[in-house]
Amino acid sequence: MLRMSSLFLRTLRDDPADAEVASHRLLVRAGYIRRIAAGIYSWLPLGYITLRNVERVIREEMDKAGFQEVHFPALLPKEAYEATNRWQEYGPDLFRLKDRKGGDYLLGPTHEEMFTLMVKSEYSSYKDLPVSLYQIQNKYRDEPRPRSGIIRGREFVMKDSYSFDLSDEGLNFSYAKHRAAYIDTFNRLGLKYNIVSAMSGAMGGSKSEEFLAPCPTGEDTYVLCEKCGYAANVEAMKTTVAAKDSQSAPAMEELDTPNTPTIDSLVDVLNEKYGSGFTAADTLKNVLLLADGKPISVLVPGDREVDLKRLEANLSGVQEIALFTDEDFAKHPDLVKGYVGPQDAKRLGVTLYADPRVAPGTSWVTGANKKNRHMRNVVNGRDFEPVAYIEAAEVKSGDACPECSGPVIIDRAIEIGHIFQLGRKYAEALSLTVLDKDGKAQVVTMGSYGIGVSRAVAAIAEQTHDEIGLSWPAEIAPAKVHIVATGREDEPFNVAEQLGGQLEALGLSVLLDDRRDSSAGVKFKDAELIGIPVIVVVGKALAEGKVEVRVRKGGEKQEVLVADAPALVKSLL
RNA sequence: CGGGGCGUAGCGCAGCUUGGUAGCGCACCAGGCUGGGGGUCUGGUUGUCGCAGGUUCAAAUCCUGUCGCCCCGACCA
């Protein structure tokens with residue numbers, strides 16, 4: 001039994017000045033966590049119990065699925081990460097350090113390499129597969145901007161699993177098992193979430209899904225079709241636009257459009273000089289970028305912006321994308337800022353990409369590559385030809401669902417889990433092979449699966465808190481029951497103590513507020529702030545032999561005879 | 001990387017413009033009253049004023065540098 005009189009806890013009356021989001025504010029105020037440095041937090045007793053409860057649920061579900069727990073160091077030598085090139089690729093996000101001999105080490109940001117090497121060193125036969133291993137470990141990433149308390153930290157707790165299979169079918173099966181285990185896990189954690197298709201990344205089109213907990217303070221944006229259930233990270237959202245046939249459209253025509261460097265100004269002048277009815281959607285925006293230093297132009301409808309994150313995620317084989325600066329325009333005098341058009345792309349030395357919305361056969365108003373001039377009737381396929389179609393335009397609420405064409409909504413969420421078919425990238429880089437039936441070496445195929453454990457604590461807090469404090473689901477609360485003894489006589493304290501014992505005998509963990517020197521008001525406020533699901537008040541009602549049982553979420557209260565309290569409490573959990 | 005803001009007691013803040021040797025609330029300690037909604041009275045404890053340098057008889061305050069923290073933007077052709 002935890003006793004408030006001796007619990008290492010100090011709740012704060014005021015919100016900490018550096019906390020913005022609810023989970024951060026309340027976890028600090030309620031004495032769960034304390035900040036040590038940007039994105040680095042300590043866990044106090046109540047917080048650490050909660051974190052371990054989340055870990056326990058995850059561990060139980062992983063074990064139930066037949067995955068085996070191992071544990072790696074967080075401190076790792078660089079060699080394995082050099083073999084997969086991540087020592088370079090991770091860049092400044094990687095915490096690097098040297099030992100006394102000058103050897104390079106890192107604090108693991110994720111452990112694909114180590115798991116791959118472990119399986120390599122132990123297993124060498126197809127008969128050993130499949131196998132799935134996991135660990136719960138601290139991860140270290142030197143984030144450019146740690147944020148929102150525990151939601152994006154530089155040190156955080158992650159459960160990472162890796163599956164190893166001989167065949168693609170095997171990988172599909174392992175992936176499905178993890179997906180099912182994640183569903184069970186997040187359900188038990190009391191999280192609301194959507195499973196959303198995510199970017200498969202640069203490595204060969206394998207499957208990837210994210211578990212997103214909807215929450216206004218989340219950092220991820222995703223689309224959801226309420227009609228058919230389609231859900232996708234905006235980066236992975238597919239747009240389908242039918243090709244048109246505007247081959248018979250009139251020939252291109254140059255228009256005099258003075259002082260129209262922006263879409264808005266262009267639309268105004270078009271409507272003024274060339275008839276009404278032009279909208280931004282009729283114009284074609286040519287967004288110039290440098291892809292690894294080479295100029296490219298991305299074509300999107302004028303009423304859309306380019307979403308750089310989507311573009312980057314979908315443009316494979318390119319390391320770095322940068323917007324054209326005035327300097328870049330100066331280096332390419334043929335590219336007239338504000339009046340760029342795709343029809344002369346070859347002559348101008350620009351590689352053309354188009355968003356799918358700029359479908360083959362569509363006709364546009366676009367820049368004439370001359371100052372103060374635009375062209376109309378510029379037809380895709382006749383007057384210009386993109387080398388590829390890539391998802392680049394921003395997604396808007398109401399856009400058509402790729403599955404059912406219904407309108408999608410856009411929502412924000414916290415990414416709490418990510419499951420991913422890695423394929424053979426790491427196994428190849430680190431030569432993880434097993435002998436097949438014919439005695440031939442086969443490269444193993446892998447999946448990787450992550451749950452943000454500490455982040456899940458924050459996500460649950462975000463989804464369950466109210467104006468007065470935290471409000472945990474029973475499964476992860478630091479205790480199931482919070483008993484508050486009030487008054488100055490001994491009796492309520494004795495009754496509370498006894499009741500605590502009875503509840504513990506029923507298997508319910510108890511936090512007992514046995515502080516003699518605090519007023520009832522202080523104890524009630526603390527109980528609400530701390531957020532244990534059932535609160536039992538032992539005080540006034542004791543005159544009739546009763547205690548008051550309150551449900552933290554919703555606040556319903558009822559008085560029951562002391563003897564009936566344990567059964568009632570148990571029924572509420 | 002850019003923009004904005006902030007570093008003064010465990011927490012929240014004032015003091016800085018106009019330099020004179022640090023204050024308020026909460027918390028904490030002692031005692032009294034109160035005892036079901038952060039109650040009250042009296043007395044107390046707590047500070048390298050982020051750090052370094054400079055100006056000055058004198059710096060929390062002015063100047064320079066530096067470190068740290070928070071928020072916003074990572075973009076509009």
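Convention: sequence-line order gives letters A, B, ...; per-chain numbering from 1.
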**Q** Considering the options A:Asn286, A:Asn372, A:Thr366, which one meets the side-chain hydrogen bond (donor to acceptor under 3.5 Å, both in side chains) requirement together with A:Tyr339?
**A**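 Of the listed residues A:Asn286, A:Asn372, A:Thr366, the side-chain hydrogen bond (donor to acceptor under 3.5 Å, both in side chains) partner of A:Tyr339 is A:Asn372.
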**Q** Using a cut-off of 4.0 Å between protein heavy atoms and nucleotide atoms, how would you tag nucleotides 40-48 of chain B 5' to 3' with B, S and -?
**A** ---------
**Q** Assign A:Val306 to base, sugar-phosphate, or nothing according to its heavy-atom contacts below 4.0 angstrom with the strands shown.
**A**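 Base, at least one base heavy atom under 4.0 Å.
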**Q** Measure from CG on A:Leu289 to P on B:A74 and round the result to the nearest Å.
**A**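 It works out to 15 Å between those atoms.
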**Q** Considering Watson-Crick and G-U wobble pairs with both distances under 3.5 Å, what does B:U64 pair with?
**A**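 With both distances under 3.5 Å, B:U64 matches B:A52.
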**Q** Between A:Tyr389 and A:Asp355, is any side-chain donor less than 3.5 angstrom from a side-chain acceptor?
**A**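 No, no side-chain donor-acceptor contact under 3.5 Å.
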**Q** Quick one: label A:Arg35 by what it contacts on the DNA or RNA (base, sugar-phosphate, nothing), any heavy atom closer than 4.0 Å.
**A**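 Result for A:Arg35 = sugar-phosphate.
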**Q** What about A:Glu528, does its side chain sit under 3.5 Å from the base of B:G37 through a donor-acceptor pair?
**A**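 When only heavy-atom distances are counted, A:Glu528 does reach the base of B:G37 through a donor-acceptor pair under 3.5 Å.
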**Q** Check whether the side chains of A:Glu462 and A:Thr217 place a donor and an acceptor atom closer than 3.5 Å, and report yes or no.
**A**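 There is such a pair between these side chains.
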**Q** Does any donor atom in the side chain of A:His465 or A:Ser23 lie under 3.5 Å from an acceptor atom in the other side chain?
**A**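 No - no donor-acceptor pair under 3.5 Å links their side chains.
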**Q** Go through the N and O atoms of the side chain of A:Arg488 and the base of B:G36, and report whether any donor-acceptor pair is under 3.5 Å.
**A**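 Not at all, since no donor on one side and acceptor on the other fall under 3.5 Å apart.
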**Q** Within the 4.0 Å heavy-atom criterion, would you say A:Arg516 contacts the bases, only the backbone, or no part of the nucleic acid?
**A**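 Here A:Arg516 touches the bases of the nucleic acid.
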**Q** Need one value for A:Ser519: base, sugar-phosphate or nothing, where a base atom within 4.0 Å counts as base even if backbone is also close, heavy atoms only.
**A**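 No contact at all - A:Ser519 keeps every heavy atom at 4.0 Å or more from the nucleic acid.
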**Q** What nucleic acid atoms does A:Glu394 come within less than 4.0 Å of, heavy atoms only: base, sugar-phosphate, or nothing?
**A**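 A:Glu394: no heavy atom of the nucleic acid under 4.0 Å.
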**Q** Taking atom types as modelled, is there a side-chain donor on A:Thr257 or A:His374 under 3.5 Å from an acceptor on the other?
**A**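 On atom types as modelled, these side chains qualify, holding a pair under 3.5 Å.
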**Q** May I have all residue pairs that pass side chain to side chain donor-acceptor pair (under 3.5 Å) and include part of residues 556-573 of chain A, sequence neighbours excluded?
**A**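 Those involving residues 556-573 of chain A do not exist here.
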**Q** Partner lookup for B:G35, please. Criteria are Watson-Crick or G-U wobble with both distances under 3.5 angstrom; report none if nothing qualifies.
**A**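 B:G35 is unpaired by these criteria.
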**Q** Looking for any heavy atom pair under 4.0 Å, which part of the strands does A:Ser148 touch: base, sugar-phosphate only, or nothing?
**A**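 It contacts sugar-phosphate atoms only.
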**Q** Please give the nucleotide sitting opposite B:A14 as a Watson-Crick or G-U wobble pair, both distances under 3.5 Å, or none.
**A**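 The base-pairing partner of B:A14, which may sit in any strand shown, does not exist here.
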**Q** Check the side chains of A:Asp526 and A:Thr11 for a donor-acceptor pair under 3.5 angstrom, ignoring hydrogens and angles.
**A**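 On atom types as modelled, these side chains qualify, holding a pair under 3.5 Å.
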**Q** Across all strands, who's sitting opposite B:C1 as a Watson-Crick or G-U wobble pair, both distances under 3.5 Å?
**A**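 B:C1 is paired with B:G73.
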**Q** With sequence neighbours left out, write down each residue that passes side-chain contact (heavy atoms from CB on, under 4.5 Å) with A:Lys337, or none if nothing qualifies.
**A**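 Partners of A:Lys337 under the side-chain contact (heavy atoms from CB on, under 4.5 Å) test: A:Asp326, A:Phe329.
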**Q** Is a side-chain donor or acceptor of A:Asp383 paired with a backbone partner of A:Val379 at a separation under 3.5 angstrom?
**A**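 Side chain of A:Asp383 to backbone of A:Val379, a donor-acceptor pair under 3.5 Å: yes, one is there.
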**Q** List, with names and distances, any nitrogen or oxygen atoms from the protein found under 3.5 Å away from nitrogen or oxygen atoms belonging to nucleotides 1-12 of chain B.
**A**
{"unit_1": "B:G12", "atom_1": "OP1", "unit_2": "A:Ala17", "atom_2": "N", "d": "3.0"}

**Q** Tell me, which of residues 536-547 of chain A have any heavy atom that sits under 4.0 Å from an atom in RNA chain B?
**A**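 Per residue number, the list reads A:Val537, A:Gly539, A:Lys540, A:Ala541.
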**Q** Is the backbone of A:Trp364 close enough, under 3.5 Å, to the side chain of A:Arg376 for a donor and an acceptor to pair up by distance?
**A**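 A pair under 3.5 Å: no.
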**Q** Categorize A:Leu288 for me: base, sugar-phosphate, or nothing, with a 4.0 angstrom heavy-atom threshold over every strand shown.
**A**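 No contact at all - A:Leu288 keeps every heavy atom at 4.0 Å or more from the nucleic acid.
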**Q** In whole Å, what separates the P atom of B:G3 from that of B:U61?
**A**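 Looking at atom P only, B:G3 and B:U61 are 25 Å apart.
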**Q** Within the structure shown, what part of the strands sits under 4.0 Å from A:Lys337 by heavy-atom distance: base, sugar-phosphate, or nothing?
**A**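 Touches nothing.
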**Q** Report yes if the distance between the aromatic ring centroids of A:Tyr32 and A:Trp472 is under 6.0 Å, otherwise no.
**A**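 Close enough - the centres of the two rings lie under 6.0 Å apart.
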**Q** Students often get this wrong, so: under 4.0 angstrom with heavy atoms, is A:Arg304 touching a base, only sugar-phosphate, or nothing?
**A**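 If one applies the 4.0 Å heavy-atom cut-off, A:Arg304 turns out to touch nothing in the nucleic acid.
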**Q** Expressed in whole Å, how much space separates the C1' atoms belonging to B:U18 and B:C62?
**A**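 These two C1' atoms come out 11 Å apart once rounded.
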**Q** So, using salt bridge (Lys or Arg N to Asp or Glu O under 4.0 Å) as the criterion, who are the partners of A:Lys273 when residues are at least two apart?
**A**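 Scan of A:Lys273 (salt bridge (Lys or Arg N to Asp or Glu O under 4.0 Å), adjacent residues dropped) gives A:Asp256.
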**Q** Indicate yes or no for a side-chain donor-acceptor contact from A:Arg3 to the backbone of A:Asp514 under 3.5 Å, with no hydrogens or angles considered.
**A**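 No, the answer is negative, given that no donor and acceptor are paired below the 3.5 Å cut-off.
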**Q** May I ask you to verify if any side-chain N or O of A:Arg147 is less than 4.0 angstrom from the OP1 or OP2 atom of B:C71?
**A**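 It does not, given that no N or O in the side chain of A:Arg147 lies less than 4.0 Å from OP1 or OP2 of B:C71.
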